[in-house]
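Counting starts at 1 for both ligands and their atoms, following the listed order. Not measured: the values here are computed from a predicted model.
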Amino acid sequence: MDVEDLKKSPGREQLAAWLSTEDPEQTAQLLAAAAAAKRETLGDAVHLRGLIELSNICVKNCLYCGIRCANTKVKRYDLTDAQVLQATAFARDARYGSLVIQSGERTGTAFVKRIEHLVRKIKQQTNNELGITLSCGEQSYETYRRWYGAGAHRYLLRIEATNPKLYAAIHPNDGRHRYEARLQALHNLQKARFQTGTGVMIGLPGQTAYDLADDLLFFKDFDVDMVGMGPYLEHEDTPIYELRQQLLPQEERLSLTLKMIALLRLMMTDINIAATTAMQAIDPFGRERAVLAGANIIMPNMTVSGVRHNYQIYDHKPGIDDDAELSKSHLEENLGKMGIRIAWDEWGDSKHFYKKREKFAPN
Ligand code: 5AD
Ligand code: SF4
């Protein structure tokens with residue numbers, strides 16, 4: 001296998017072979033080629049997005065997620081506007097450049113209005129200095145339009161698994177968790193002009209190397225602007241915890257994630273790829289390892305420490321006792337140790353998104 005071949009639209013078989021290889025030399029070559037491709041296209045610095053976990057209230061019941069609505073052990077919370085604005089002021093003072101507002105999925109006009117209002121307020125408070133990414137689940141096209149109109153310009157909605165059969169295996173069959181609806185929401189995000197991000201979990205029970213190869217081909221075909229992927233991690237209060245005997249060891253899930261990042265970087269050199277917290281849950285340097293394999297975005301947590309333990313989508317989520325200041329200093333220390341530079345005060349938009357726009361702009 002030659003890494004050079006990966007630069008010319010690799011096919012399913014080829015991707016699956018790279019994902020399956022256990023040869024450490026080949027893997028090292030792959031990660032190094034991805035790091036070089038990133039450096040050439042995007043430079044070597046990472047961009048940050050301060051993460052605010054707005055609320056763990058969720059109407060969905062995904063079989064893998066610790067904050068699924070049926071988990072009665074979780075204490076539900078909703079940050080106040082004042083708590084959110086405190087976090088956004090922190091992001092501005094910390095020179096993060098951007099922030100992400102993430103929450104469980106909610107329906108109803110009160111929630112839609114609240115997000116719209118919050119986005120406007122943040123834009124005002126920070127003089128439009130901070131880029132805003134939203135990650136608040138599947139919503140209607142009209143809602144996406146409203147949130148975009150308020151000033152958010154990037155949106156993350158993971159497809160979770162692009163194989164409809166696998167998607168069905170990890171979600172309840174109750175009409176509320178439809179693969180087609182998720183796909184439609186992603187199309188609506190693009191239509192609403194968002195820089196659109198998606199992603200999958202890696203190492204799910206029953207998932208094959210071909211499934212993962214298809215995930216990569218899906219990202220390319222959908223022409224995504226951003227991707228966030230992470231290893232699937234067990235949560236003991238979820239139905240698929242029962243299948244834990246089938247899982248790869250966590251370290252293998254992490255190395256598979258690193259390969260997915262590297263392959264995607266070679267396939268789509270100018271998109272934003274996040275180094276996710278789930279990687280850090282397996283290895284304290286997981287996010288830094290992702291950056292060295294082609295990722296260019298990190299999302300330090302800014303949620304007030306008092307509620308962090310309630311946003312446990314998987315067991316042993318790191319940093320739940322830290323506050324925003326500590327999350328920042330830990331990250332800076334780790335990145336420093338690995339020789340990774342931070343691009344302060346920049347939005348760090350997806351270059352891919354703007355190139356696409358140029359291509360399709362009328363003359
Ligand atoms: N392990 C890893 N990632 C998870 N997510 C939810 N539950 C888990 C889990 N057990 C991810 C999903 C979701 C994102 C917010 O968190 O991909 O989109
Ligand atoms: Fe809700 Fe997202 Fe968890 Fe599903 S994965 S239960 S939508 S927070």
Side-chain angles (χ1 to χ4, degrees), residues 49 51-74 76-78 100-107 111 133-139 155-162 166-174 176-179 181-183 185-186 189 196-205 207 212 215 219 224 226-244 246-248 250 253-254 256-257 260 274-282 286-287 290 299 301 303 307-308 310-318:
R49 283 93 177 79
L51 173 67
I52 303 172
E53 291 155 334
L54 177 71
S55 171
N56 63 355
I57 302 172
C58 186
V59 298
K60 290 266 179 91
N61 211 10
C62 308
L63 302 180
Y64 45 84
C65 177
I67 62 170
R68 61 201 302 269
C69 64
N71 186 3
T72 51
K73 289 195 193 163
V74 176
R76 305 290 164 171
Y77 74 86
D78 214 349
V100 181
I101 298 179
Q102 183 167 69
S103 75
E105 197 169 298
R106 308 267 289 268
T107 52
F111 181 71
T133 307
L134 293 179
S135 184
C136 304
E138 282 169 46
Q139 304 288 343
Y155 202 103
L156 304 169
L157 182 73
R158 290 190 180 178
I159 187 79
E160 312 295 0
T162 62
L166 183 56
Y167 188 91
I170 59 171
H171 292 99
N173 179 15
D174 60 0
R176 269 186 174 236
H177 298 78
R178 290 176 44 239
Y179 180 80
R182 194 125 189 120
L183 203 52
L186 279 169
L189 284 167
T196 303
T198 192
V200 293
M201 284 174 288
I202 296 161
L204 286 164
Q207 188 179 44
L212 292 170
D215 291 340
F219 300 146
V224 289
M226 322 184 288
V227 170
M229 326 180 253
Y232 160 72
L233 295 168
E234 302 85 328
H235 190 297
E236 62 177 352
D237 301 317
T238 59
I240 63 168
Y241 188 66
E242 269 178 35
L243 305 179
R244 62 190 178 282
Q246 294 179 23
L247 299 171
L248 291 170
Q250 288 202 346
R253 276 176 257 166
L254 178 60
L256 207 45
T257 306
M260 285 287 281
T276 54
T277 312
M279 308 183 72
Q280 190 195 351
I282 296 180
R287 293 183 301 183
M299 306 197 284
N301 199 338
T303 311
V307 302
R308 282 192 191 194
N310 295 322
Y311 210 98
Q312 292 237 48
I313 45 188
Y314 41 76
D315 291 333
H316 314 297
K317 188 173 158 199

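- Annotation for ligand 1: atoms under 4.0 Å from non-hydrogen atoms of P231 are 2 (C).
- When hydrogens are left out, the protein atom nearest atom 16 (O) of ligand 1 is I313 CD1, 3.4 Å; that is the closest non-hydrogen contact.
- Counting only heavy atoms, the protein gets under 4.0 Å from atom 6 (S) of ligand 2.
- Not a single heavy atom of H235 sits less than 4.0 Å from an atom of ligand 1.
- The shortest distance between side-chain heavy atoms of I159 and V200 falls below 4.5 Å.
- Of the heavy atoms in E234, none comes closer than 4.0 Å to ligand 1.
- The shortest contact between atom 9 (C) of ligand 1 and any protein heavy atom is with L233 O, 3.5 Å.
- Side-chain N/O atoms of N61 and R68 include a donor and acceptor closer than 3.5 Å.
- By the criterion of a separation under 2.8 Å, the protein N/O/S atoms near atom 1 (Fe) of ligand 2 amount to C58 SG.
- Under a 4.0 Å N-O distance rule, the pair K60/E105 qualifies as a salt bridge.
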Where do L247 and R253 land on the side-chain contact (heavy atoms from CB on, under 4.5 Å) test, with the steps shown first? CA-CA 9 Å; L247 299 171; R253 276 176 257 166; 3.8 Å; yes

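- The closest protein non-hydrogen atom to atom 4 (C) of ligand 1 is M201 SD, 3.5 Å.
- Residue Q207 holds its CD atom at 7.0 Å from CD1 of I202, rounded to the nearest 0.5 Å.
- Of all atoms in ligand 1, numbered sequentially from 1 with element shown, those under 4.0 Å from a heavy atom of R158 are 11 (C), 12 (C), 17 (O), 18 (O).
- Taking CE of M226 as the reference point, atom OG1 of T133 lies at 5.5 Å (rounded to 0.5 Å).
- Other residues, nucleotides and ligands contribute only 12 or fewer heavy atoms inside 6.0 Å of the CG atom of N173.
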May I have the step-by-step check of side-chain contact (heavy atoms from CB on, under 4.5 Å) for Y155 and T196, ending in yes or no? CA-CA 5 Å; Y155 202 103; T196 303; 5.7 Å; no

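- Residues I282 and L233 have side chains in contact (heavy-atom distance under 4.5 Å, counting atoms from C-beta outward).
- Given atom 7 (N) of ligand 1, the protein heavy atom at minimum distance is Y64 CD1, 3.3 Å.
- Looking from atom 12 (C) of ligand 1 to the surrounding protein, the closest heavy atom is E160 OE1, 3.3 Å.
- Residue C65 touches ligand 1 through backbone and side chain together, judged by heavy-atom distances below 4.0 Å.
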Going through the distances and angles, do I57 and F111 end up as a side-chain contact (heavy atoms from CB on, under 4.5 Å)? CA-CA 11 Å; I57 302 172; F111 181 71; over 6 Å; no

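- The heavy atom nearest to atom 15 (C) of ligand 1, considering only E53, K60, Q102, is found in Q102.
- Y64 and H171 make their closest contact through OH-NE2, 2.9 Å (heavy atoms, listed as atom of the first residue, atom of the second, distance).
- Under a 4.0 angstrom heavy-atom cut-off, C62 registers as lying outside contact with ligand 1.
- Ion pairing between a basic and an acidic side chain is recognised when a charged N comes within 4.0 Å of a carboxylate O; R182 and E138 show such pairing.
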